**Student:** 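Here you go, one structure.
This structure is a prediction, so every number in the text was calculated from the model and none was measured. Residue numbering restarts at 1 for every chain, and letters A, B, ... go by the order of the sequence lines.
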2 protein chains.
Amino acid sequence: MSRRKPSIRDVAALAGVSTATVSNVFSGRKPVNDDLRENVRKAAEALGYQIDRAASQLRSGRNRIIAVLVPDLIDTFFATIVSRLETLAFEQDYDVIVASSHDNRSVESSRLKALLSWRPAGLVIVPCSHVLPAELLDVKDRLPMVLVDRVSTGNAIADTVTIDNIDAGEIAARHLLERGHRDIVLAVSHSSFPPLAERVEGASKVVASYVGRRPRALELGSNVAAGAKIFSDWLERNPLPGAVIALTNVTTLSVLSALAQHRIEIPSKTSVIAFDDYAWMSARNTGLTAVRQPVDDIASMAWNRLTLRMEEGARRRAEPTVLNASLVIRASVKELSPSEPAEFGKDGPPGEAAPGRGEDVKKIH
Amino acid sequence: MSRRKPSIRDVAALAGVSTATVSNVFSGRKPVNDDLRENVRKAAEALGYQIDRAASQLRSGRNRIIAVLVPDLIDTFFATIVSRLETLAFEQDYDVIVASSHDNRSVESSRLKALLSWRPAGLVIVPCSHVLPAELLDVKDRLPMVLVDRVSTGNAIADTVTIDNIDAGEIAARHLLERGHRDIVLAVSHSSFPPLAERVEGASKVVASYVGRRPRALELGSNVAAGAKIFSDWLERNPLPGAVIALTNVTTLSVLSALAQHRIEIPSKTSVIAFDDYAWMSARNTGLTAVRQPVDDIASMAWNRLTLRMEEGARRRAEPTVLNASLVIRASVKELSPSEPAEFGKDGPPGEAAPGRGEDVKKIH
DNA sequence: GAGATTCTGTTAAACGTTTTACAGTTAATC
DNA sequence: GATTAACTGTAAAACGTTTAACAGAATCTC
């Protein structure tokens with residue numbers, strides 16, 4: 001018995017039909033008589049026939065590959081998106097080929113080039129910076145694609161799916177302010193990334209409008225340990241802030257790490273708002289209050305947009321989809337009582353500071 | 001100007017050579033004169049030529065796809081493996097096409113079939129149960145592959161990469177026993193999965209040899225919330241154990257969730273050993289002592305084995321690779337002092353139980 | 001300097017599908 | 001009962017590569 005995989009010709013021979021008929025049975029492009037179809041099925045089964053997608057794609061020009069390029073699969077946020085996309089794609093008989101750029105623009109370019117050489121039917125990309133890889137521009141009106149997350153909203157070269165990052169920042173800031181916090185610092189990975197700049201902007205504006213000045217924003221990078229070190233060093237050189245808003249899930253980890261290292265308790269010593277909503281955030285004694293991105297919805301919308309494009313072709317204006325983040329309230333934000341006025345409080349009673357927490361009410365500079 | 005992508009023929013025409021020469025320039029299979037090569041490069045550049053991998057694969061039979069099938073990308077453990085594999089593969093110019101089985105055997109079969117139709121050069125699979133999909137057996141000596149993680153070690157249909165799960169269980173149990181714990185329960189997702197059964201076995205044996213009876217093992221499933229509910233219910237109907245060993249990363253989350261929900265403090269009220277080592281485990285005030293799987297090494301070894309197979313062909317016995325887990329000691333295990341003898345202690349002084357922790361020393365049933 | 005060898009390039013035949021053009025049969029219409 | 005239309009199947013030509021077979025020129029060997 002030959003080791004070679006059976007081809008459509010073998011099936012045709014065994015079933016006593018032409019290759020075209022076999023093709024039609026499998027692709028369903030033309031109707032085939034019931035008995036014949038059954039014969040073909042049987043023959044294929046007997047031979048263990050499997051269609052060769054390379055040949056199929058070559059001839060038809062169409063194909064069933066969705067290319068997905070994300071900064072890093074280790075980041076649960078992106079992994080979740082890929083996972084959802086893969087599931088959705090599979091339901092419609094697409095396969096997903098995945099690559100990561102590791103937040104490196106030249107890697108991004110080269111990965112993108114590789115992905116493109118598969119002539120995918122569609123592309124979902126989370127760019128690693130706001131400046132899009134050149135390869136993308138080349139194919140932008142030949143290839144259905146959608147840009148997700150790391151996109152400046154004005155950036156209309158293709159459909160986009162993002163969250164309202166300004167709002168996300170505002171939500172967090174407002175929550176803190178409503179609970180009496182005034183002494184707030186922001187932690188972010190790279191403030192040059194479009195969504196992050198917007199989150200910072202949203203939070204800062206709100207804080208500034210209450211407090212009279214914009215909060216300090218710390219850049220912690222996108223590595224947990226390195227970020228923890230930076231934040232830890234900062235903590236040592238500065239008075240403990242009343243609250244910190246982490247604007248990224250890895251930043252959240254960095255902040256938490258540094259805080260733990262200094263044995264600073266949450267929320268009694270300082271309050272924390274986390275970003276993204278993962279299982280581990282609630283699996284602790286003081287659950288983390290967090291800004292939740294609707295990650296499943298992001299993936300679904302990206303898929304919707306993409307399928308629409310794939311059906312309709314490129315003739316249609318690029319359209320942005322903006323989803324809303326929400327606040328999951330747990331226990332990491334302290335409710336400041338009237339006897340513990342915020343430092344800028346204009347109206348609070350002159351009661352004494354909370355015992356043993358004098359450092360809490362110092363100004364951050 | 002035509003919208004059609006330029007083919008090798010267009011490049012050949014522009015460069016004034018044959019298509020074969022162009023092919024040789026790009027594949028490097030035959031040497032090409034320097035000037036000519038430069039010409040071809042220029043022409044390709046000018047036209048924006050990109051090789052069509054489908055055509056290439058069809059003709060050559062060879063290809064550069066690695067298929068990866070894992071239970072679920074949402075699980076950071078698997079995502080990390082995929083991420084590493086993708087990086088390693090890319091360095092050698094392979095692309096990764098990824099699919100997940102969602103721990104469902106029929107999905108696994110159907111995904112596998114789809115992956116196989118790409119005629120990949122290699123396959124890395126984390127099976128979702130110990131019974132391997134039939135499709136795998138069909139191709140086992142035609143397709144280089146390596147089985148990772150969820151594999152019974154005896155299962156020698158192909159190269160395997162696993163950790164020593166018995167040892168992993170033992171490590172955790174021994175750590176607890178050495179610190180005076182005797183009242184230990186095990187938490188696991190599905191004890192039918194090969195590696196989990198072994199972890200349970202390892203831990204149980206060690207505990208039994210100290211304590212005289214095997215510890216209770218709870219099945220929490222592979223969904224965090226559902227598992228938390230199960231464990232929470234169990235906690236209500238049973239005395240609080242002195243320590244719990246989670247033998248899976250999602251189980252860890254379930255246990256922690258339930259414990260937090262009941263406001264049971266770690267390690268003062270009960271000790272916990274976590275499984276896998278993630279950033280969030282140290283980003284808390286009481287860092288989690290955890291059994292760490294060498295996930296990067298697992299991925300690297302899998303890749304090594306796979307490339308070896310791809311080069312050598314199938315002629316060689318299937319070989320298991322077993323790596324070792326290690327214990328990362330942090331703060332979630334209480335050091336029982338001599339005045340708090342373990343319940344079965346035969347030699348401890350008859351001192352009184354720790355104040356307010358009477359429930360701690362009750363037997364689990 | 002004749003024959004063998006090595007280089008370097010070309011021609012043309014694959015690879016396994018899909019699809020166009022066509023043909024034969026049957027059903028529908030007038 | 002002739003003409004059309006609708007079905008259902010086939011033959012053969014693609015699709016864009018790679019590669020076996022070949023060929024011409026240059027180099028080597030004796």
**Student:** Name the residue closer to the 5' end of DNA chain C, choosing between B:A55 and B:V17 according to the nucleotide with the nearest heavy atom.
**Tutor:** B:V17
**Student:** Grab the CG-P distance between B:D35 and C:dT8 for me, whole Å please.
**Tutor:**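 Atom CG in B:D35 sits about 11 Å away from atom P in C:dT8.
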**Student:** Under 4.0 Å, counting only non-hydrogen atoms across every strand here, what does B:Y49 touch: a base, just sugar-phosphate, or nothing?
**Tutor:**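 Sugar-phosphate only.
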**Student:** Check the distance between C:dG9's C1' and B:N39's CG and give it to me in whole angstrom.
**Tutor:** 14 Å
**Student:** In terms of side-chain geometry, is the basic nitrogen of A:D95 or A:R64 positioned less than 4.0 Å from the acidic oxygen of its partner?
**Tutor:** no
**Student:** Using a strict threshold of under 4.0 Å (side-chain N to carboxylate O), is an ion pair present between B:R150 and B:D103?
**Tutor:**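 Salt bridge: yes.
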**Student:** How are the rings of B:F26 and B:Y49 set to each other: parallel, tilted or perpendicular (split at 30° and 60°)?
**Tutor:**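 Ring orientation of B:F26 relative to B:Y49: tilted.
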**Student:** Hey, is A:E86 close enough to B:R111 for a salt bridge, meaning N to O under 4.0 Å?
**Tutor:**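 Result for this pair is yes, salt bridge flagged.
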**Student:** Rounding to an integer number of Å, can you tell me how far A:I8 CD1 sits from D:dA11 C1'?
**Tutor:**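 From A:I8 CD1 to D:dA11 C1': 14 Å.
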**Student:** Within the 4.0 Å heavy-atom criterion, would you say B:S23 contacts the bases, only the backbone, or no part of the nucleic acid?
**Tutor:** base
**Student:** So, does A:T21 get its side chain near the phosphate of D:dT10, meaning an N or O under 4.0 Å from OP1 or OP2?
**Tutor:** yes
**Student:** Within the structure, does a side-chain N or O atom of B:S18 lie under 4.0 Å from either OP1 or OP2 of C:dG9?
**Tutor:** no
**Student:** Does A:R53 place a side-chain N or O at less than 4.0 Å from the phosphate oxygens OP1/OP2 of C:dC15?
**Tutor:**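 Checking A:R53 against C:dC15: no side-chain N or O falls below 4.0 Å of OP1 or OP2.
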**Student:** Starting from P on D:dC15, measure out to CG on B:D10 and report it in whole angstrom.
**Tutor:**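 Taking CG of B:D10 and P of D:dC15, I get 11 Å after rounding.
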**Student:** Roughly how many Å is it from CZ in B:R119 to C1' in C:dC15, rounded to a whole number?
**Tutor:**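 Whole-Å distance recorded here is 11 Å.
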**Student:** Between B:I51 and A:L36, which is nearer to the 5' end of DNA chain D once each is assigned its nearest nucleotide?
**Tutor:** A:L36
**Student:** Please give, in whole Å, the distance from D:dC15 C1' to B:Q57 CD?
**Tutor:**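 After rounding, the reported distance stands at 14 Å.
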**Student:** Assess whether one donor atom and one acceptor atom, taken from the side chain of B:R59 and the base of D:dT18, lie less than 3.5 Å apart.
**Tutor:**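 Check passes, donor-acceptor contact within cut-off.
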**Student:** Measure from the side chain of A:N33, starting at C-beta and using heavy atoms only, and say which of C:dT8, D:dT8, C:dT17 lies closest.
**Tutor:**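 Selected nucleotide (nearest to the side chain): D:dT8.
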**Student:** Could you check which of C:dT19, D:dT18, C:dG9 has an atom nearest any side-chain atom of A:R62?
**Tutor:** C:dT19
**Student:** May I ask you to check whether B:T21 and B:S18 show a side-chain donor-acceptor distance below 3.5 Å?
**Tutor:**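 Judged by distance alone, the side chains do pair up.
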**Student:** Report the distance from atom NZ of A:K30 to atom P of D:dA6, rounded to the nearest whole Å.
**Tutor:**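 After rounding, the reported distance stands at 15 Å.
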**Student:** Rounded to whole angstroms, how far apart are CZ on A:R29 and P on D:dG9?
**Tutor:**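 Those two atoms, CZ and P, are 17 Å apart.
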**Student:** Would you mind classifying the nucleic acid contact of A:S60 as base, sugar-phosphate or nothing, using non-hydrogen atoms under 4.0 angstrom?
**Tutor:**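 The residue A:S60 makes sugar-phosphate contact but no base contact.
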**Student:** Considering only D:dT18, D:dT10, D:dT19, which nucleotide approaches the side chain of B:A20 most closely?
**Tutor:**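 The closest nucleotide is D:dT19.
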**Student:** For D:dT17 and B:R9 - does any side-chain N or O of the residue sit under 4.0 Å from the phosphate oxygens OP1/OP2?
**Tutor:**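 Answer is no, no contact under 4.0 Å.
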**Student:** Can you classify the ring geometry of A:Y94 versus A:W303 as parallel (below 30°), tilted (30 to 60°) or perpendicular (above 60°)?
**Tutor:**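 If you compare the ring of A:Y94 with that of A:W303, the planes turn out perpendicular.
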